[in-house]
Amino acid sequence: MAGIKRKIFYTMMIENGVVGVKEQDGYEIEIDGEKYNAYTNHYSTAYIIDEQTGIAVLTYYFSEGEEQEEIEILKKAKYKLLEGETLEKMRKSRNRESYKMFEAYKRAEELREQQKEAVSREIEADRKNGKGAE
C-alpha cells in the first residue's frame with residue numbers, strides 16, 4: 001500500500017474503568033490526505049487510530065479464516081472507513097477538549113517508562129555495589 005510504514009505509537013485505552021495509553025506496534029497509513037495509525041490484534045480485529053487523539057476511528061472485524069497479510073486487512077479497513085461518514089464525523093469532533101488530553105496521557109506514559117528505567121539502573125548499581133534495598 002502506498003504511504004504505509006511500520007510505526008510504534010500510542011492508543012487511548014480503557015482498562016478496568018481506567019483511561020490510559022497503550023503502546024502499539026503497527027503502521028502509519030495515509031487516508032484522504034491525513035496520517036493515521038493502524039494495527040491488528042490477535043482477536044481478528046483491525047483498528048484505524050486517529051493520530052492526533054489516539055482514538056479508534058474504525059474497528060474492523062475480519063475472519064480468522066482469511067489467510068491474508070496484515071497489510072491487506074488494513075487496506076480493507078481503510079476502504080471501509082472511506083465508504084461511510086465516520087471519518088468526517090471524527091474530524092468535526094477532533095477539537096473537543098476531551099480529545100486533547102491524549103498528549104498529556106502520552107507524556108505521562110513516557111515519564112512512567114523513564115522512571116521504571118531509572119529504578120532498574122539504581123537497583124542494578126546497588127547490587128553491583130553490594131547494597132541491599134534500603
Side-chain angles (χ1 to χ4, degrees):
M1 181 187 318
I4 187 166
K5 62 182 179 179
R6 289 296 287 182
K7 183 178 179 186
I8 302 293
F9 54 89
Y10 288 105
T11 60
M12 291 293 289
M13 303 293 282
I14 298 176
E15 198 168 305
N16 299 324
V18 177
V19 177
V21 295
K22 182 175 182 181
E23 188 176 84
Q24 303 290 349
D25 181 10
Y27 297 89
E28 179 181 90
I29 62 175
E30 189 172 314
I31 301 173
D32 200 24
E34 294 185 24
K35 291 181 181 179
Y36 292 86
N37 298 317
Y39 71 100
T40 59
N41 67 14
H42 303 293
Y43 305 107
S44 301
T45 309
Y47 299 93
I48 296 180
I49 307 295
D50 177 24
E51 192 175 60
Q52 294 179 32
T53 64
I55 297 172
V57 178
L58 177 77
T59 303
Y60 176 75
Y61 301 97
F62 57 93
S63 168
E64 280 190 47
E66 294 180 54
E67 297 284 329
Q68 297 180 40
E69 296 288 325
E70 188 174 24
I71 299 294
E72 293 301 314
I73 292 167
L74 294 176
K75 278 184 186 179
K76 287 183 178 183
K78 173 184 173 178
Y79 294 120
K80 184 75 171 171
L81 178 61
L82 289 170
E83 286 177 358
E85 297 177 13
T86 305
L87 195 56
E88 194 56 41
K89 287 179 184 177
M90 181 278 310
R91 285 177 176 153
K92 288 178 181 176
S93 65
R94 183 186 276 161
N95 292 323
R96 291 183 178 181
E97 186 176 339
S98 59
Y99 289 157
K100 293 181 181 182
M101 295 303 296
F102 182 54
E103 289 303 317
Y105 279 107
K106 285 193 316 189
R107 182 68 182 135
E109 181 64 17
E110 291 166 0
L111 291 171
R112 189 180 70 80
E113 287 299 318
Q114 288 174 9
Q115 187 222 12
K116 284 174 33 180
E117 291 170 10
V119 167
S120 293
R121 284 192 306 271
E122 291 166 358
I123 290 171
E124 184 63 25
D126 286 348
R127 194 172 49 127
K128 285 182 180 177
N129 294 328
K131 295 180 183 177
E134 297 176 13

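Every value quoted in this text rests on a predicted model; they were computed, and no experiment measured them. The figures that follow rest on heavy atoms only: side chains count, while hydrogens, waters and symmetry mates do not.
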### Query
Would Glu28 and Tyr36 count as a side-chain contact (heavy atoms from CB on, under 4.5 Å) if you check the C-alpha gap in whole Å, the side-chain angles of each, and the deciding distance to 0.1 Å?
CA-CA 6 Å; Glu28 179 181 90; Tyr36 292 86; over 6 Å; no
### Task
Begin from the C-alpha positions of Tyr27 and Glu70 and carry the test side-chain contact (heavy atoms from CB on, under 4.5 Å) through to its verdict.
CA-CA 10 Å; Tyr27 297 89; Glu70 188 174 24; 3.3 Å; yes
### Task
Given side-chain contact (heavy atoms from CB on, under 4.5 Å), test Glu109 with Glu113 step by step and report yes or no.
CA-CA 6 Å; Glu109 181 64 17; Glu113 287 299 318; 3.5 Å; yes
### Message
Show, in sequence, the C-alpha distance, side-chain angles and deciding distance for Asn37 and Thr11, and conclude whether the side-chain contact (heavy atoms from CB on, under 4.5 Å) test is met.
### Response
CA-CA 9 Å; Asn37 298 317; Thr11 60; over 6 Å; no
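Residues Tyr10 and Ile49 are members of separate hydrophobic clusters, defined by side-chain heavy-atom contacts under 4.5 angstrom among Ile, Leu, Val, Met, Phe, Trp and Tyr. Under the 4.5 Å side-chain heavy-atom criterion for Ile, Leu, Val, Met, Phe, Trp and Tyr, Phe9 and Ile73 are members of distinct hydrophobic clusters. Two different hydrophobic clusters hold Tyr47 and Met13 under the rule that ILVMFWY side chains link at heavy-atom gaps under 4.5 Å. Follow the hydrophobic side-chain contacts under 4.5 Å out from Leu81 and you reach Ile4 in the same cluster. Clustering ILVMFWY residues whenever any of their side-chain heavy atoms sit less than 4.5 angstrom apart, transitively, puts Tyr39 in a cluster other than the one holding Leu74.
Side-chain atoms of Lys7 and Lys35, non-hydrogen and from C-beta on, never get closer than 4.5 Å to each other. The shortest distance between side-chain heavy atoms of Val21 and Met12 falls below 4.5 Å. Counting only heavy atoms from C-beta outward, the side chains of Lys78 and Leu58 never approach each other to under 4.5 Å. Here the side chains of Lys80 and Glu83 are in contact, with some heavy-atom distance below 4.5 Å.
The structure places OG1 of Thr40 at 12.5 Å from CD of Glu72, a figure rounded to the nearest 0.5 Å. Separating the OG1 atom in Thr59 from the CG atom in Asn41 is a distance of 9.5 Å, to the nearest 0.5 Å. Distance check, rounded to the nearest 0.5 Å: CZ of Arg121 to NZ of Lys116 gives 13.0 Å.
Environment of CD in Glu124: crowded, with over 12 heavy atoms of neighbouring residues, nucleotides or ligands closer than 6.0 Å.
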